[in-house]
Number of protein chains: 2
Amino acid sequence: MARRTQGTSAGLDRERIAAAAVVLVDRDGLERFGVRRLAEELGVDPMSIYHHIKGKAALLDAMSEAVLAEVAAGVDDAPRDWEEITRWTAHRYREMAYRHPRVFPLLATRAQTSPVALAALERLVTAMREAGLPDQAVADAPLMLFGFLNGYLLAVLSGGSDVVGDMPAIDATAYPTMATLTPLQVGFGSVAEFDRMLDAVLGGIRNRADR
Amino acid sequence: MARRTQGTSAGLDRERIAAAAVVLVDRDGLERFGVRRLAEELGVDPMSIYHHIKGKAALLDAMSEAVLAEVAAGVDDAPRDWEEITRWTAHRYREMAYRHPRVFPLLATRAQTSPVALAALERLVTAMREAGLPDQAVADAPLMLFGFLNGYLLAVLSGGSDVVGDMPAIDATAYPTMATLTPLQVGFGSVAEFDRMLDAVLGGIRNRADR
DNA sequence: TTGTCAAACCTACACCGTAGAATTTATCGT
DNA sequence: ACGATAAATTCTACGGTGTAGGTTTGACAA
């Protein structure tokens, strides 16, 4: 163990720590993640981390924030139309989830109130509002969209294998209709499936304009 | 400590253990939950539990299964029309989530493959199929519906207080549009809000028939 | 009676999050 | 140049965790 001498800076800060934590969880999973393992990865004493981050909960928050930031990257290339900007955000969000499948549960579980999250929501709702969608539809949209995104991605990624496979085979005699439908679920986790369902959700938001 | 004598039965079984675990998590939260605390609650040695349930992961699965079973209770009163049965299931699911807000994250995070879960899905898809919905729409419906339900309920319940309050106040100068919309979010977590979004999702599923 | 077996318990181990204090270095006003 | 102060890191220690492996007990069948 290459120990550091006390007093000298190890160049630790919230950002570096969070980045290392994401790498660690991507590799070993959330179960095996812990402050001690992270410290070893950083070549540092476990308690050093606590000088930059209050505790494990705050550490998990920092990780969420770090991966969320990836979504906003390159936001200047984003389209202006509300449907297109929503689709763009949803796809960026999905790609982030596939890049960090073992970190993603943190995002879905913990409330996101970081500036980067709020900024993304603000972009969405302003675009919708300018397009003339009714206020209630706009106000509902974020919870509805990210509700779906979080739940869907959680389900699709919970398989665990990096190459997303198909669902577990189901008993044809006990559940005949579902068995009949399985051929249509070959693309479980595919972009095509994602786009189908995203279209349906967007349609649900759009049609609120008619009431 | 009223210790039991070895050899005698303590009347433990998977069901009783899971029920006690749900009560414990409802009271103290997932963070504080552990095999030892559960054992104390049951008046039993921690390791006794492992004779009925493989490990902590299996214990969490058993808890999910237990609360899921509440949803299916009284299924004979369920309607026949696909939209109504879907609404009925969604409401039952929501009520269960509000009854066990601290257990619910387990449901959303872990893949549900228990017979009770599959039976509910089978009811849904058969009703949809008999109503003449296109096969792809039917095949997509469960993932889409429960994706939304899980994500939405996760978000709504993550506040933590038993009486669901309002969202945290947001900075009006940094996020002007969102600030304008906040009055429309007074019913955060209410049945009315839930019904609005559920309607939109159902509409999204229904309109797939037209393509 | 005796043998078998399942259910419960006991012991022990490696690991965890973190409170609190000690240690070293950098910084800055004088 | 110097002493005080502050900040970053490490050290030590405590109470908790999940669970592997072995031991005890009682019930029941032969």
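Hydrogens, waters and symmetry mates are skipped; everything else that's a heavy atom, side chains included, is used. Sequence lines set the chain letters: A, B, ... in the order given, protein chains first and strands last, and positions in each chain run from 1. Just so it is clear, the model here is predicted, and its values are computed rather than measured.
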N or O in side chain of [X] less than 4.0 angstrom from [N] OP1/OP2:
X	N	answer
B:His52	C:dA6	no
A:Ser48	D:dT10	yes
B:His51	C:dC9	no

Can you tell me how far [atom2] of [N] sits from [atom1] of [X], to the nearest Å?
X	N	atom1	atom2	answer
B:Ile49	C:dC10	CD1	P	14 Å
B:Asp45	D:dA20	CG	P	15 Å
A:Leu12	D:dA8	CG	C1'	9 Å
A:Ile53	D:dT9	CD1	C1'	15 Å
B:Glu40	D:dG15	CD	C1'	15 Å

Hey, are [X] and [Y] close enough for a salt bridge, meaning a charged N less than 4.0 Å from a carboxylate O?
X	Y	value
A:Arg92	A:Glu70	no
A:Arg87	A:Asp199	yes
A:Asp28	A:Arg37	no
B:Arg102	B:Asp26	no

Discussion item. I need a per-nucleotide contact map over nucleotides 13-20 of chain C, read 5' to 3'. Cutoff is protein heavy atoms under 4.0 Å; write B for the base, S for backbone only, - otherwise.
Written reply: ---BBBBB
What residues, two or more places apart in sequence or in another chain, satisfy side chain to side chain contact (heavy atoms under 4.5 Å, CB included) together with [X]?
X	value
B:Asp61	B:Arg110
B:His52	B:Leu12, B:Ile17
A:Ala155	B:Leu143

Worksheet item: Near DNA chain D, which residues from residues 22-31 of chain A have a heavy atom under 4.0 Å away?
Response: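 Nucleic-acid contacts, sorted: none.
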Practice prompt. Please identify each residue that fulfils salt bridge (Lys or Arg N to Asp or Glu O under 4.0 Å) with B:Glu122, with sequence neighbours left out.
Written response: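 By the salt bridge (Lys or Arg N to Asp or Glu O under 4.0 Å) rule, B:Glu122 matches no residue at all.
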Practice prompt. Applying ring-ring contact (aromatic ring centres under 6.0 Å, His included), run through A:Tyr152 and A:Phe194 and close with a yes or a no.
Written response: CA-CA 9 Å; A:Tyr152 167 82; A:Phe194 180 75; 5.7 Å; yes
